[in-house]
Amino acid sequence: MTQHIHPPQILVGVSGGIAAYKACELVRELKRAGCAVRVVMTSAAQAFVTPLTFQALSGEPVRTGLLDAEAESGMDHIALARWADQVIVAPASADLMARMAHGHADDLLTTLLLATTAPVTLAPAMNHQMWAHPATRANLALLQERGVNVLGPDAGAQACGEQGPGRMREPVEIARALLHPGTGPLSGRHVVITAGPTQEPIDPVRYIGNRSSGRMGLALAAAAQAAGARVTLVHGPVALPLPTGVRAVPAETAAAMHAAVLGHLDDCDVFIGAAAVADYRPASPCAQKMKKDADTRALELERTEDILADVARRVRDRSPRPLVVGFAAETSQLRHYARSKLETKGLDLIAANDVSAGRAIGTDDNALLCLWPGGGERSLPHQPKAALARMLIELVVERLDKH
Ligand code: CTP
């Protein structure tokens, strides 16, 4: 961060959304860290939290309008834009991002965002469908291209009752990223994660796939990133939006995923195999679409590469050796099979989940039994996958410390 002779001066922009209440916590965190904080609210934000709340928390008058003669005579909007060492918009709504991407200056916050030369960070929060909408994706891409930092959003339970990526990142984590970039427990670390299903072609239009949504792997990528890691996410075909700020490498088949992983292993500190990789693929996929010219048909399958086992094997003699983490999906004798996978694949940690009776795969919630060599284990209780991913990343940090 830039060195200041004065305490860091942070302008917090609050746009309209239920996560506006979390901005109160952010202001408190920043004040606690010794920052001078000024808050600017959009008119929609005031439907959720009153300016008085932010005034009490920041100890400064809160600005809400562009054409407020009295406020402008104190510190006009250009002076306010210059005052800021950093600008954080939390929550950043879909509308705010759209107005910002298109250079609108139709209220005080968007005007300040055009006028400031300070680094700008957004902490988006919105319904997950709005976050996934192509318009929002395009605005996000444009803003990132112009150098705007984006923190989150994280996946999890939303105020609308749905699950998905769209929750504002936790205020403590936003404050840490603003004030002490690169100090998360995984900062300086490169985490490579596989996620989602693979699709193994039978012919040009058919494939063997599975029910994995990629939700757990994506949540792990977001959690590792929030912990400060540089993340490479090698993912199969997934419908969910990918976390911002991670390097995403698409791979459709087990073979493509294997090649992509090997291409990112050189400086890897942690490898997490969360993908549901096909164990078998059609031995000779047809070049032409197969015709229904027989009553029965047999499909010859051959084994795919075991990416996780291969990674563990390849890094075995490295120093320092990356931490290799795998998953085990079992329908019975969870602990027994998971421990034997841990040993045979040569892993440092395995997260086992019970996939009997439609549990875990393609769902929002899960529970994990985590095992590591030497007999250690920890149960992570049943909860939404985003929260579970954060707990698993905490365990990865612990295991890495003892590695
Ligand atoms: N995995 C992998 N490459 C494969 C198959 C699995 O990297 N070709 C990884 C998965 O990402 C997961 C772990 O291996 O981290 C365990 O996968 P699972 O399907 O539970 O076990 P398998 O080893 O495939 O054994 P089995 O199917 O016999 O239970």
Side-chain angles (χ1 to χ4, degrees), residues 1-4 8-15 17 19 23 26 30 35-40 42 77-126 130-154 165-166 168-169 171 173-184 187-188 190 221-222 224-233 241-249:
M1 196 178 76
T2 341
Q3 288 301 311
H4 307 285
Q9 296 179 170
I10 316 262
L11 186 74
V12 178
V14 184
S15 66
L26 175 63
L30 294 171
C35 302
V37 179
R38 284 174 178 268
V39 177
V40 171
T42 63
H77 61 277
I78 300 297
L80 193 55
R82 288 210 190 102
W83 172 87
D85 295 323
Q86 290 204 58
V87 179
I88 165 80
V89 184
S93 64
D95 177 63
L96 188 280
M97 287 174 61
R99 290 190 292 135
M100 191 180 168
H102 295 283
H104 288 210
D106 50 2
D107 63 4
L108 179 60
L109 182 54
T110 47
T111 305
L112 285 167
L113 288 165
L114 277 186
T116 191
T117 54
V120 173
T121 303
L122 303 182
M126 65 196 73
M130 295 172 77
W131 177 246
H133 194 282
T136 310
R137 310 310 295 164
N139 293 333
L140 173 75
L142 203 56
L143 291 167
Q144 285 182 309
E145 208 177 282
R146 292 182 192 144
V148 169
N149 303 316
V150 179
L151 299 174
D154 291 337
M168 193 174 103
R169 179 145 298 173
E173 283 170 3
I174 297 175
R176 192 188 63 216
L178 290 178
L179 302 176
H180 310 287
T183 58
S187 71
H190 180 206
Q225 210 222 355
R230 181 162 62 84
V231 177
T232 301
L233 177 67
L242 304 175
T244 42
V246 307
R247 182 205 288 204
V249 183

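For clarity, every value in this text was computed on a predicted model and none was experimentally measured.
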Do the non-hydrogen side-chain atoms of Arg169 and Gln225 ever get within less than 4.5 Å of each other?
yes
Hits for side chain to side chain donor-acceptor pair (under 3.5 Å) against Arg82, two or more places apart or cross-chain, chain-then-number order -> none
So, taking the atom named CG in Asn149 and the one named OG1 in Thr244, what distance separates them when rounded to the nearest 0.5 Å?
10.5 Å
In Å, rounded to the nearest 0.5 Å, how long is the span from CG of Asp85 to CD1 of Ile10?
7.0 Å
Nearest heavy-atom pair of Glu173 and Ala226: which atoms, and what distance?
OE1-CB, 3.6 Å
Can you list the steps and then say if Leu113 with Val148 is a side-chain contact (heavy atoms from CB on, under 4.5 Å)?
CA-CA 10 Å; Leu113 288 165; Val148 169; over 6 Å; no
Which atom of Met168 lies closest to which atom of Ala19, heavy atoms considered
CB-CB, 4.0 Å
Show your working on side-chain contact (heavy atoms from CB on, under 4.5 Å) between Leu11 and Leu112 and close with a plain yes or no.
CA-CA 10 Å; Leu11 186 74; Leu112 285 167; 3.9 Å; yes
Ala135: side chain to side chain contact (heavy atoms under 4.5 Å, CB included) partners, not counting sequence neighbours
His133
Residues in side chain to side chain contact (heavy atoms under 4.5 Å, CB included) with Ala36, at least two apart?
Gln9, Trp83
Counting N and O atoms only, with roles assigned by atom type, does the side chain of Gln86 sit under 3.5 Å from a partner on the main chain of Leu178, one being a donor and the other an acceptor?
yes
Pairs flagged by salt bridge (charged side-chain N to carboxylate O under 4.0 Å, His left out) wherever residues 140-151 is involved - sequence neighbours left out
none
Tell me every residue that passes side chain to side chain donor-acceptor pair (under 3.5 Å) with Thr42, counting only those two or more places apart in sequence or in another chain.
none
Identify the two heavy atoms, one from Gly13 and one from Leu109, that lie closest to each other, and give their separation to 0.1 Å.
CA-CD1, 3.7 Å
Which heavy atom in Thr116 sits nearest to a heavy atom in Ala81, and how many Å separate them?
OG1-O, 3.2 Å
Go through Leu179 and Leu30 one step at a time and tell me if the side-chain contact (heavy atoms from CB on, under 4.5 Å) criterion holds.
CA-CA 8 Å; Leu179 302 176; Leu30 294 171; 3.9 Å; yes
Give the minimum heavy-atom separation between Leu233 and Pro243, together with the two atoms involved.
CD2-CD, 4.1 Å
Rounded at 0.5 Å granularity, tell me how far OG in Ser187 sits from CZ in Arg176.
8.0 Å
I need the minimum non-hydrogen distance between His77 and Leu108, along with the two atoms involved.
CB-CD1, 3.5 Å
Ala229: partners by side chain to side chain contact (heavy atoms under 4.5 Å, CB included), with sequence neighbours left out:
Leu186, Val191, Ala224, Val231
Got a sec: does the CZ of Arg137 have more than 12 other heavy atoms crowding it under 6.0 Å?
yes
Using a 3.5 Å cut-off and no angle test, enumerate the donor-acceptor pairs between side-chain atoms of residues 91-105 and protein atoms at least two apart in sequence or in another chain.
residue : atom : partner : partner atom : Å
Ser93   : OG   : Ser15   : OG           : 3.4
Ser93   : OG   : Leu96   : N            : 3.1
Asp95   : OD2  : Arg99   : NE           : 3.0
Arg99   : NH1  : Asp106  : OD1          : 2.7
Arg99   : NH1  : Asp107  : OD1          : 3.3
Arg99   : NH1  : Asp107  : OD2          : 3.0
Arg99   : NH2  : Asp107  : OD2          : 3.2
His102  : NE2  : Asn139  : OD1          : 3.2

My understanding is that only residues two or more places apart in sequence, or in another chain, count here; which of them pass side chain to side chain contact (heavy atoms under 4.5 Å, CB included) with Pro153?
Pro124, Trp131
